[in-house]
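Data block below; observations after.
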Amino acid sequence: MLSDKTLKRIFIVVLLLFISCSDKSEKIPALNYEDKKQMLEIIKKFFDENTSHAFGGVFDESGKETIIAGIEKNDKSEWGIKFYQLRLNDNKLEVVFETNLLNGSFKESLVDKIKFPMRDYELIYYNSQGYFMGSGGGEVISYIIDFGKKEIYYAHLVADPVVPPSLFISKNTQDKYIREFFYTYFKKDYPMLRIVEEDITLE
């Protein structure tokens, strides 16, 4: 017969295996795609704990709800922000599309869903706001990300004592509504704003 000590050891091993298997197969709860708080909690727990923003909704022509997660990378090899489009499939979060690493930070930034004419789905809007601005000027980085077209529209404002307020809008931004949105947004704070053909890099 097995001793009490041996039985206890077997019981502990079985218990640990049960707990381990339970953790791995933990069910993702029913999703409310309009609940930002729930989206963020679920993405942090089941995808990446470093997630800063999460939005649920329809983000492409499929008409199906997916989740957009924004994660900031800040280590020796990577610095910047990335956005992921995720879908729930068989109790797992799968990556549908991810952006390249983009210049920017989620600190002090504005990130939200945005809707434009001629699209049946939402896009993601990012604006660095005052994070890269100082008393002597600076820059504001802005993106509108279209997951349906897998396009990233980019606008870069430079406000510097030496250079008049200048706005560069990426060449792929052909949609007049998006171009107008970028320009109108920055024009409010910089009445003398000019559009430039080449992006400006601050030293």
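For the atom pair D189 CG and L157 CG, the distance stands at 9.0 Å (nearest 0.5 Å). Distance check, rounded to the nearest 0.5 Å: CD of Q85 to NZ of K150 gives 6.5 Å. Annotation: the span from I152 atom CD1 to T173 atom OG1 amounts to 11.0 Å, rounded to 0.5 Å. One finds the NE2 atom of H156 at 8.0 Å from the OG atom of S128 (value rounded to the nearest 0.5 Å). To the nearest 0.5 angstrom, E98 atom CD is 10.5 Å from F147 atom CZ. The structure places CD1 of I124 at 10.5 Å from CD1 of I144, a figure rounded to the nearest 0.5 Å.
Between F132 and V140, every side-chain heavy-atom pair lies at or beyond the 4.5 Å cut-off. Looking at heavy atoms from C-beta onward, I169 lies in side-chain contact with L167 at the 4.5 angstrom threshold. With a 4.5 Å cut-off on side-chain heavy atoms, L86 and V96 do not count as touching. Residues V111 and F83 are in side-chain contact: their nearest non-hydrogen atoms beyond the backbone lie under 4.5 Å apart. Side-chain contact between I42 and P29 is present, with at least one heavy-atom pair separated by less than 4.5 Å. L31 has its side chain within reach of I67: a pair of non-hydrogen atoms, C-beta onward, lies under 4.5 Å apart. F186 is listed as a side-chain neighbour of S142, based on a closest heavy-atom distance under 4.5 Å.
If you look at F168 and Y183, their ring centroids are not closer than 6.0 Å. Ring centers of F97 and Y84: at least 6.0 Å apart, outside the cut-off.
Annotation: salt bridge (Lys or Arg N to Asp or Glu O under 4.0 Å) contacts involving residues 133-144, sequence neighbours excluded, are absent.
Looking at every heavy atom in both residues, A69 comes nearest to I43 through CB-CG2, 3.8 Å. Considering every non-hydrogen atom in both N172 and E151, the closest pair reads ND2-OE1, 2.8 Å. Taking every heavy atom of both residues into account, P161 and G136 meet most closely at CD-O, 2.8 Å. Closest approach of G104 to W79, counting heavy atoms only: O-CH2, 3.5 Å. Considering all non-hydrogen atoms of both residues, N32 and M39 come closest at O-CE, 3.3 Å. Heavy-atom minimum distance, K73 versus L101: CG-CD1, 3.6 Å.
For the pair K113 and E34, the salt-bridge criterion is met [side-chain N within less than 4.0 Å of a carboxylate O]. Salt bridge absent: E49 and K44 never bring a charged side-chain N and a carboxylate O closer than 4.0 Å. For E94 and R87, the salt-bridge test passes: some basic side-chain N is under 4.0 Å from an acidic carboxylate O. A salt bridge links D112 with K36; the closest basic N to acidic carboxylate O contact falls under 4.0 Å.
Residues F182 and M133 fall within the same hydrophobic cluster, defined by Ile, Leu, Val, Met, Phe, Trp and Tyr side chains chained together at heavy-atom separations under 4.5 Å.
Remark: R119 engages F116, Y121, L123, D146, K149, Y153, D175, I178 in a side-chain contact (heavy atoms from CB on, under 4.5 Å) (not counting sequence neighbours). For E108, the side-chain contact (heavy atoms from CB on, under 4.5 Å) criterion is met by Y131, not counting sequence neighbours. Contacts of Y143 classified as ring-ring contact (aromatic ring centres under 6.0 Å, His included), with partners at least two apart in sequence or in another chain: Y126, Y154. By the side-chain contact (heavy atoms from CB on, under 4.5 Å) test, E41 pairs with K37, sequence neighbours left out. By the ring-ring contact (aromatic ring centres under 6.0 Å, His included) test, Y125 is found to be paired with F181, residues two or more places apart in sequence or in another chain being considered.
Between the side chains of N50 and E72, no donor-acceptor pair of N or O atoms lies under 3.5 Å. A donor-acceptor pair shorter than 3.5 Å can be found between the side chains of R194 and S166. Side-chain polar atoms of E26 and N91 form no donor-acceptor pair below 3.5 angstrom.
In this structure, D120 places its CG atom where only 12 or fewer heavy-atom neighbours from other residues, nucleotides or ligands lie under 6.0 Å away. When the shell of 6.0 Å around NZ of K187 is examined, it contains more than 12 heavy atoms from other residues, nucleotides or ligands. For K64, the NZ atom counts as loosely surrounded, since its 6.0 Å shell holds 12 or fewer non-hydrogen atoms of other residues, nucleotides or ligands. E197 CD: 12 or fewer foreign heavy atoms inside a 6.0 Å radius.
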Please determine whether side chain to side chain contact (heavy atoms under 4.5 Å, CB included) holds for the pair I71 and I81, giving the CA-CA distance in whole Å, both sets of side-chain angles, and the decisive distance to 0.1 Å. CA-CA 6 Å; I71 299 172; I81 57 176; over 6 Å; no

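A side-chain donor-acceptor contact under 3.5 Å links S105 to the backbone of K107.
Note that K45 lies outside the cation-pi zone of F47, set by a 6.0 Å cut-off to the ring centre and a 45° limit from the axis.
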